[in-house]
**Q** 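One structure is given below, represented as structure tokens, and several questions about it will come after.
Side chains included, hydrogens not; waters and symmetry mates left out as well; all remaining heavy atoms used. These numbers come from a predicted model, not from an experiment.
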Amino acid sequence: MRILVLDTIHGGAELAVALREAGHEADEVDVYRGKAGIPVAEALARTYDLVTAPVHLDPDHPLLRQHGYAVSHHEMVGWVLRAHPPRPFIEITGARGKTTTAHALASLLPGPGILHTSTGTYRYPERKILWKKSITPASLLSAAHEAWRTGGWLVAEESLGVTGAGDVAVLTSTDDYPIAAGKKSAIAEKCRLITRARTIVVPERIDLPRSAVAADGMVSFEGPVCRYAGRGIAGTFTNPLCTLSGYRTAFALATATACVLGIDPAPLAEFTALSGRMAARREGDRMIVDDANSGTNAATVIEAARYARELTGNGALTLVIGEEARAVCEGFSPEDVRRAVSAVSPTGVVYVGEAWSAAGEEHTAPSLEAGLDAARRITPAGTIVLAVKTWR
């Protein structure tokens with residue numbers, strides 16, 4: 001087939017290579033910068049059997065208007081992977097909680113395997129980091145190849161949907177936001193794509209075209225104790241992270257998915273906080289609670305501050321908050337940042353992002369690291385909460 005691949009900077013270049021290796025003719029177009037592949041004008045003049053585009057591309061882009069319906073990058077990657085998928089293969093998507101759920105689930109799977117997340121791609125059981133890439137659909141191809149090479153499983157975090165080639169697809173949250181120039185709903189696209197999977201796991205029952213396993217029907221919490229019963233597996237485990245809402249959801253989803261796969265999730269009792277996801281560390285007279293990640297939002301900021309005060313009391317607390325260079329699809333709006341700051345009532349705030357210095361804020365920084373440095377200067381003792389939305 002002759003295939004047009006749109007958007008080289010979000011995995012399109014890697015996808016085009018895979019399609020050519022599979023024997024297809026593939027042209028690629030850099031629809032955002034115009035720096036790679038063939039020019040838009042040339043692609044407009046050619047004919048194609050198939051067009052593939054990311055779900056976030058404006059549906060009114062001239063190439064889509066000219067060539068008609070496009071198969072998503074997710075679906076195209078799924079088409080490539082179905083020829084020889086790793087087993088088991090678990091796909092995880094959602095606006096927040098993907099990374100924690102993926103790490104929790106990978107910690108339960110036996111034997112060799114590959115964990116592919118926004119924190120990096122790791123080889124298990126040694127948990128050796130292999131590389132760090134984006135979580136666009138096409139980045140699955142190299143992770144899947146490594147899983148095939150080692151004869152192991154694959155747990156993969158994906159943005160804005162799943163390929164449907166996996167044994168189980170997990171939706172971590174139903175939070176919604178506009179994509180594709182505001183013309184599509186993120187959750188609608190995720191639900192459309194997730195229904196292609198063999199088995200679906202969701203946090204709670206939602207309206208889908210087909211049935212799904214609801215984690216809250218298998219899993220319940222009482223303080224630090226998690227109870228589970230489903231698919232012939234029942235038991236409990238105790239972990240202090242169960243008292244944090246973000247970890248409760250991730251544990252519920254990992255537990256339910258493990259039960260679906262016939263694995264007892266009891267070892268989650270030993271799971272520890274991930275860097276950037278409520279990990280706490282001492283630094284002299286300061287406690288730093290790190291909740292800076294791609295899923296950071298007003299609710300997680302409030303939860304991180306509550307957790308920090310639970311650990312250290314009600315002393316000085318500096319909040320480092322904002323968004324690093326518009327790095328994440330769903331964003332962290334100034335209104336939500338203000339709402340979080342108001343709810344937390346910190347003694348000091350460092351705002352991260354380009355807009356805040358123009359807004360006249362006293363303490364601003366261009367990045368997470370610069371924000372932490374600024375927070376250290378104004379907080380010689382006390383607590384610093386990192387709550388910057390960033391790929392991490």
**Q** Enumerate the residue pairs fulfilling ring-ring contact (aromatic ring centres under 6.0 Å, His included) with a member in residues 89-127, sequence neighbours excluded, ordered by first and then second residue.
**A**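 Sorted result for residues 89-127: His103-Tyr122, Tyr124-Trp153.
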
**Q** Just checking, is any N or O donor in the side chain of Arg277 or Thr99 under 3.5 Å from an acceptor N or O on the other one?
**A** yes

**Q** Please list all pairs passing the ring-ring contact (aromatic ring centres under 6.0 Å, His included) test where one or both residues lie in residues 212-239, with sequence neighbours left out.
**A** Phe237-Phe251

**Q** Could you tell me if Glu91 and Thr163 have a donor-acceptor pair between their side chains, going purely by distance under 3.5 Å?
**A**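 Yes.
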
**Q** Are side-chain heavy atoms of Glu75 and Arg192 found at a separation under 4.5 Å?
**A** yes

**Q** Arg248: what forms a salt bridge (charged side-chain N to carboxylate O under 4.0 Å, His left out) with it, not counting sequence neighbours?
**A**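 Salt bridge (charged side-chain N to carboxylate O under 4.0 Å, His left out) list for Arg248, sorted by chain: empty.
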
**Q** Would you check if the side chain of Asp336 reaches a backbone N or O of Ala298 as a donor-acceptor pair within less than 3.5 Å?
**A** no

**Q** Counting N and O atoms only, with roles assigned by atom type, does the side chain of Asp291 sit under 3.5 Å from a partner on the main chain of Ala387, one being a donor and the other an acceptor?
**A**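 Not confirmed, Asp291 side chain does not pair with Ala387 backbone.
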
**Q** Please tabulate, for side-chain N and O atoms in residues 205-217, each donor-acceptor pair with protein atoms closer than 3.5 Å (sequence neighbours left out).
**A**
residue : atom : partner : partner atom : Å
Arg210  : NH1  : Thr195  : O            : 3.0
Arg210  : NH1  : Ala197  : O            : 2.2
Arg210  : NH2  : Ala197  : O            : 3.4
Arg210  : NH2  : Arg198  : O            : 2.8

**Q** Let me have the donor-acceptor pairs involving side chains of residues 140-149, under 3.5 Å, with sequence neighbours excluded, atom names and distances please.
**A**
residue : atom : partner : partner atom : Å
Ser142  : OG   : Lys133  : NZ           : 3.0
Ser142  : OG   : Ser139  : O            : 3.3
Glu146  : OE1  : Arg149  : NE           : 3.3
Glu146  : OE2  : Arg149  : NE           : 3.3
Glu146  : OE2  : Arg149  : NH2          : 2.7
Trp148  : NE1  : His84   : O            : 2.3

**Q** Does any pair with a residue in residues 279-302 pass ring-ring contact (aromatic ring centres under 6.0 Å, His included), and if so which ones, sequence neighbours excluded?
**A**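 Listed once each, the pairs would be none.
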
**Q** Quick one: list whatever passes salt bridge (charged side-chain N to carboxylate O under 4.0 Å, His left out) with Glu21, sequence neighbours left out.
**A** none

**Q** If a pair satisfies salt bridge (Lys or Arg N to Asp or Glu O under 4.0 Å) and one of its residues is in residues 79-90, list it, with sequence neighbours excluded.
**A** Arg87-Asp167

**Q** Any ring-ring contact (aromatic ring centres under 6.0 Å, His included) involving residues 276-323? Give me the pairs, sequence neighbours left out, ordered by first then second residue.
**A**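 ring-ring contact (aromatic ring centres under 6.0 Å, His included) check on residues 276-323 returns no pairs.
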
**Q** For residues 340-347, which side-chain donor-acceptor pairs fall under 3.5 Å, sequence neighbours excluded?
**A**
residue : atom : partner : partner atom : Å
Ser345  : OG   : Ser342  : O            : 3.3
Thr347  : OG1  : Leu317  : N            : 2.9
Thr347  : OG1  : Leu317  : O            : 2.9

**Q** Is it true that Thr312 and Thr383 share a donor-acceptor pair across their side chains at a distance under 3.5 Å?
**A**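 Yes, side-chain donor-acceptor contact under 3.5 Å.
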
**Q** For Glu361, which residues count as a side-chain hydrogen bond (donor to acceptor under 3.5 Å, both in side chains) partner, sequence neighbours excluded?
**A**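 Expected list: Arg338.
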
**Q** Which Ile, Leu, Val, Met, Phe, Trp or Tyr residues join Val51 in one cluster when any pair of side-chain heavy atoms under 4.5 Å counts as a link?
**A**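 Cluster partners of Val51: Leu4, Leu6, Ile9, Val29, Val31, Tyr32, Ile38, Val40, Leu44, Tyr48, Leu57, Leu63, Leu64.
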
